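Can you keep this structure in mind? I'll have questions shortly.
Because the structure is predicted, anything quoted here is derived from the model rather than measured. Along the sequence shown, the residues carry numbers beginning at 1.
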Amino acid sequence: MSDSEYRPELENRGSARVGYKRVDEAVSHDISLARPTREAPDDREESEQLNFALFMRLMSWTRYYGPKRWWLLTCVLIRAAQLPLLAWGISAIINGPIADDDMTATLWWSLAYGLFALSTMVVMHFRSRLALEMGETVIYEMRNAVFRHLMRMPMAYYNRTKHGRIISRLTSDMESVRQGVQNVIFISLVQGGQMLVAGILMAFYNWMLFCVILAMTPLLWGINRFFRKRISQTSRNLQESFSRVTATVAESVRGIQVTQGFAREDKNADLFHRLVADHSAYNMGLSRHIAMYLPLLELNAQIFTAVLVILGGYGALDAEMHMDIDDLVTFFFLASLFFTPITVIGRQFTSALASLAGAERVFRLLDTPPDWEEFGAGEPMRSYTGKVEFEDVRFHYEPAKPVLKGISFSAKPGEMLALVGHTGSGKSTIINLLCKFYLPTGGRILFDGQEIRDIESSSLREHIGIVLQNNFLFSGTVMENIRVGKPGASDEEVIDAVRRLDCLDLIEAMIDGFQSTVTERGQGLSLGQRQIVCFARALLADPQILILDEATSSVDTLTEARLQKALDKLLQGRTCFVVAHRLSTIRQADNILVLDHGKLVESGKHRELLDKGGIYAGLYRRFATQ
């Protein structure tokens, strides 16, 4: 399923200044081999307009190359005129000094021709160099723009989009665009200009024969028209199938432990084989179209040449027409330069369609707005004390399946709130709403009375520290991963954060201490070591709100006791939200919120809830007997 197959609709939220996008169709994450449907014949004109619009939009990105664009265009125009002039020069030498048997003039003309030929090499050098530099500049800017856009997209986008598809936008699709900017556009312009100049000179020498060529051009137009739609559609399908392959590879690598653990190697290999076969089928289809298209162009060029030979020869031999032999020789020199670009442009045409297909997918991503937008710049958080209020908060991922149903509670500055409930009760959703990864579909969330929709996201998150059960570590060192919480922190500040956790000896016991290497996704460290790094990262940020999602579950009992003792001190003055499965870790919470199927069914302190004998008491008794 492509990124544009969902139908987002903007919902009005009364006075709220944030639009929230609803995804009406469930997004399937299975391995689908369904081929895209063919476009209807009536879509041809629309497709042509789309290609033109894509081309103009792609060219607009060359603005980053500045005035050098005009130097490049100048080189293109000069290069286009030089090649026909070279052919004309050879003809002039043959028909002039060589025909007159003038050795001196022949040498001078040959010298001039050699210097002119040298100039064509100089122009070609700068034409190629400037085109390559401009292509790199365009891709550099586009990649940065796509990455910045991805960083603005909320979590919902990543939950419904395969990561491999995103990767393919920044890799294979970008490379297709690069080829279009660096080669297709300017090679086609040079070849087209060569045809134009050669055509003008041919018309000058023999306008009747040139009219014959013009009379046969509808045949070329018809061939191009026939294959354009087929090649364009196949190119789009090919890149979409490659995106599915990339997504499957990325998912398979991330899930290799599960694959091997359940002995699914053969099954997954079979599924991947079907994907690759699907991709190969599109590739073969494209190859078949190109293999028919290019020979037809070349055959027509040969037919045109044969017709010119017949008509030209007849005209030269016929006394009434009396075509000049010298002019015919020059005409046929130029005809070679007129027909050769047809095949070259045909090859560039197929590359252009692939490039436009890649550009279409990149621009589709850039044009995909976030599910919600901060209208205006958003307001930075004012001086924040740590107060949080949920007022009748409702939320759903799908309208028919509400996740939170009118949740209301408040947390005073410095309080510790625990979230308890069965799997799927809404605990993680509350955390996601607190961090503004999602926005509530109803109700309000207030931070010191300031509505979350009106707060600039980055400003809000500067006041929040998160430690999850399965945290993410980046490739780098332990020191660098802790510094993620405060990018400008010094080494001493990082070490002090770990010391305050009472875990300095555990970090120093690693092979290289704080400089120990962390590989992709935290490999190289134990689960407990990763969790300590994440604790230090959160505390280094010195947040007013600290969120702990079963944060000590990955550490051993002794280390957990040390962390708990340090946290008792560090949590003072901070508002803390704790998602707990082991109820023994939340006995000291100021308020325990018990959730059941998206509703807040109980709240109070540990002893109060036990005395009520409700859901919490049942959960606690079940935990105590295990």
Original post:
Among all residues two or more places apart in sequence or in another chain, which pass the side-chain contact (heavy atoms from CB on, under 4.5 Å) test with Gln515?
Top reply: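 Gln515 satisfies side-chain contact (heavy atoms from CB on, under 4.5 Å) with Thr477, Met479, Asp512 once adjacent residues are dropped.
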**OP:** Grab the two heavy atoms, one from Gly426 and one from Val403, that are nearest each other, plus how far apart they are.
**Re:** CA-CG1, 4.4 Å
Original post:
For atom CZ of Arg129, is the number of surrounding heavy atoms from other residues, nucleotides or ligands below 6.0 Å larger than 12?
Top reply: no
Subject >> With sequence neighbours excluded, residues passing salt bridge (charged side-chain N to carboxylate O under 4.0 Å, His left out) with Glu175 >> reply: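 Here the qualifying residues are Arg143, Arg178.
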**OP:** Please confirm whether the backbone N or O of Leu150 pairs with a side-chain atom of Tyr158, one donor and one acceptor, at under 3.5 Å?
**Re:** yes
Original post:
Sequence neighbours excluded, which residues qualify as side chain to side chain donor-acceptor pair (under 3.5 Å) partners of Ser176?
Top reply: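 With sequence neighbours excluded, Ser176 shows a side chain to side chain donor-acceptor pair (under 3.5 Å) to Gln239, given in chain and number order.
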Subject >> Reported CD1-to-CZ distance for the pair Ile466 and Arg461, which is rounded to 0.5 angstrom >> reply: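 With rounding to 0.5 Å, CD1 (Ile466) is 8.0 Å from CZ (Arg461).
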Subject >> Any side-chain heavy-atom pair of Ile532 and Leu506 under 4.5 Å >> reply: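 Ile532 reaches Leu506 side chain to side chain.
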Original post:
After noting the C-alpha distance and the side-chain angles of Arg444 and Glu451, does the key distance pass the salt bridge (Lys or Arg N to Asp or Glu O under 4.0 Å) rule?
Top reply: CA-CA 7 Å; Arg444 300 196 304 165; Glu451 219 279 330; 5.4 Å; no
**OP:** First locate atom NZ of Lys436, then atom OG of Ser458, and finally report the distance between them rounded to the nearest 0.5 Å.
**Re:** 9.0 Å
Original post:
So does Asn144 have more than 12 non-hydrogen atoms from other groups sitting under 6.0 Å from CG?
Top reply: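 Check passes, neighbour count above 12.
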Subject >> With sequence neighbours excluded, residues passing side chain to side chain donor-acceptor pair (under 3.5 Å) with Asn591 >> reply: none
Original post:
salt bridge (charged side-chain N to carboxylate O under 4.0 Å, His left out) with Asp505: which residues, sequence neighbours excluded?
Top reply: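 Salt bridge (charged side-chain N to carboxylate O under 4.0 Å, His left out) check on Asp505 returns Arg562.
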Original post:
So how far is it from Gln182 CD to Thr137 OG1, rounded to the nearest 0.5 Å?
Top reply: 9.5 Å
Original post:
What are the two closest non-hydrogen atoms of Val579 and Lys427, and how far apart are they?
Top reply: CG1-CE, 3.8 Å
Subject >> OH/Tyr64: more than 12 non-hydrogen atoms of other groups inside 6.0 Å >> reply: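 Atom OH in Tyr64 is packed in, count exceeds 12.
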**OP:** Please name all residues satisfying side chain to side chain donor-acceptor pair (under 3.5 Å) with Asp542, sequence neighbours left out, ordered by chain then number.
**Re:** Arg574
Original post:
How close do Gly358 and Val177 get, heavy atom to heavy atom, and via which atoms?
Top reply: C-CG2, 4.0 Å
Original post:
Are the side chain of His149 and the backbone N or O of Leu365 linked by a donor-acceptor pair below 3.5 Å?
Top reply: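 Side chain of His149 to backbone of Leu365: a pair is present.
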Subject >> Presence of salt bridge, Lys267 and Asp270, under 4.0 angstrom >> reply: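 Salt bridge absent between Asp270 and Lys267.
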Subject >> Test side-chain contact (heavy atoms from CB on, under 4.5 Å) applied to Phe395 and Ile407, step by step >> reply: CA-CA 9 Å; Phe395 180 79; Ile407 300 294; over 6 Å; no
**OP:** Check the pair Asp278, Arg274 against salt bridge (Lys or Arg N to Asp or Glu O under 4.0 Å), reporting the backbone distance first and the verdict last.
**Re:** CA-CA 6 Å; Asp278 187 61; Arg274 293 164 57 200; over 6 Å; no
Subject >> Pair Leu460-His463, side-chain contact (heavy atoms from CB on, under 4.5 Å): steps then yes or no >> reply: CA-CA 6 Å; Leu460 171 66; His463 296 273; 5.7 Å; no
Original post:
What heavy-atom pair brings Leu434 and Ile464 nearest, and what distance separates the two atoms?
Top reply: O-CD1, 3.6 Å
Original post:
Hey, is the main chain of Ala357 close enough, under 3.5 Å, to the side chain of Arg361 for a donor-acceptor pair?
Top reply: no
Subject >> Rounded distance (nearest 0.5 Å) linking atom CZ of Arg607 with atom CG of Leu610 >> reply: 5.0 Å
**OP:** Apply the test side-chain contact (heavy atoms from CB on, under 4.5 Å) to residues Leu600 and Leu595: give CA-CA distance (whole Å), side-chain angles for both, the deciding distance (0.1 Å), then the verdict.
**Re:** CA-CA 5 Å; Leu600 180 58; Leu595 300 168; 4.1 Å; yes
Subject >> With Lys605 via side-chain contact (heavy atoms from CB on, under 4.5 Å) - residues at least two apart >> reply: Asp590, Glu608
Original post:
Can you check whether Asp392's main-chain N or O pairs, donor with acceptor, with Ser408's side chain at less than 3.5 Å?
Top reply: yes
**OP:** Mind checking salt bridge (charged side-chain N to carboxylate O under 4.0 Å, His left out) for Lys405 and listing every partner two or more places apart, or none if nothing turns up?
**Re:** none
**OP:** Compare every heavy atom of Cys576 with every heavy atom of Leu548, then report the nearest pair and how far apart it is.
**Re:** CD1-SG, 4.1 Å
**OP:** Mind checking the CD1-CD1 spacing from Ile547 to Ile430? Nearest 0.5 Å is all I need.
**Re:**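 Taking CD1 in Ile547 and CD1 in Ile430, the distance rounds to 11.0 Å.
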Original post:
Which atoms form the tightest heavy-atom contact between Trp61 and Leu366, and what is the distance?
Top reply: CZ2-CD1, 4.0 Å
**OP:** Begin with the C-alpha distance, continue with both residues' side-chain angles, and end with the deciding distance and a verdict on side-chain contact (heavy atoms from CB on, under 4.5 Å) for Val138 and Tyr65.
**Re:** CA-CA 8 Å; Val138 168; Tyr65 199 54; over 6 Å; no
Original post:
How are the rings of His422 and His597 set to each other: parallel, tilted or perpendicular (split at 30° and 60°)?
Top reply: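 The arrangement is tilted - the two ring planes meet at 30° to 60°.
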Subject >> Among Leu540, Leu539, Ile482, side-chain contact (heavy atoms from CB on, under 4.5 Å) partner for Val498 >> reply: Ile482
Original post:
Got a second to check how far Phe447's CZ is from Thr575's OG1, nearest 0.5 Å?
Top reply: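 Those atoms lie 10.0 Å apart.
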**OP:** Measure the shortest side-chain to side-chain distance between Ser168 and Asp173 over non-hydrogen atoms and say whether it is less than 4.5 angstrom.
**Re:** yes
Subject >> salt bridge (charged side-chain N to carboxylate O under 4.0 Å, His left out) pairs, two or more places apart, involving residues 591-603 >> reply: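 Salt bridge (charged side-chain N to carboxylate O under 4.0 Å, His left out) check on residues 591-603 returns no pairs.
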**OP:** Give a yes or no on whether the backbone of Gly513 and the side-chain of Ser516 come within a donor-acceptor separation of less than 3.5 Å.
**Re:**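 Confirmed, Ser516 side chain pairs with Gly513 backbone.
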**OP:** For Ser428, enumerate each residue passing the side-chain contact (heavy atoms from CB on, under 4.5 Å) test, keeping only those at least two apart in sequence or located in another chain.
**Re:** Asp549
**OP:** Please list, chain by chain and in numerical order, all residues satisfying salt bridge (charged side-chain N to carboxylate O under 4.0 Å, His left out) with Asp448, sequence neighbours excluded.
**Re:**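 Checked Asp448 against salt bridge (charged side-chain N to carboxylate O under 4.0 Å, His left out); zero matches.
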**OP:** Could I get the full list of side-chain contact (heavy atoms from CB on, under 4.5 Å) partners for Val484, not counting sequence neighbours?
**Re:**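 With neighbours one apart ignored, the set is Phe474, Arg537.
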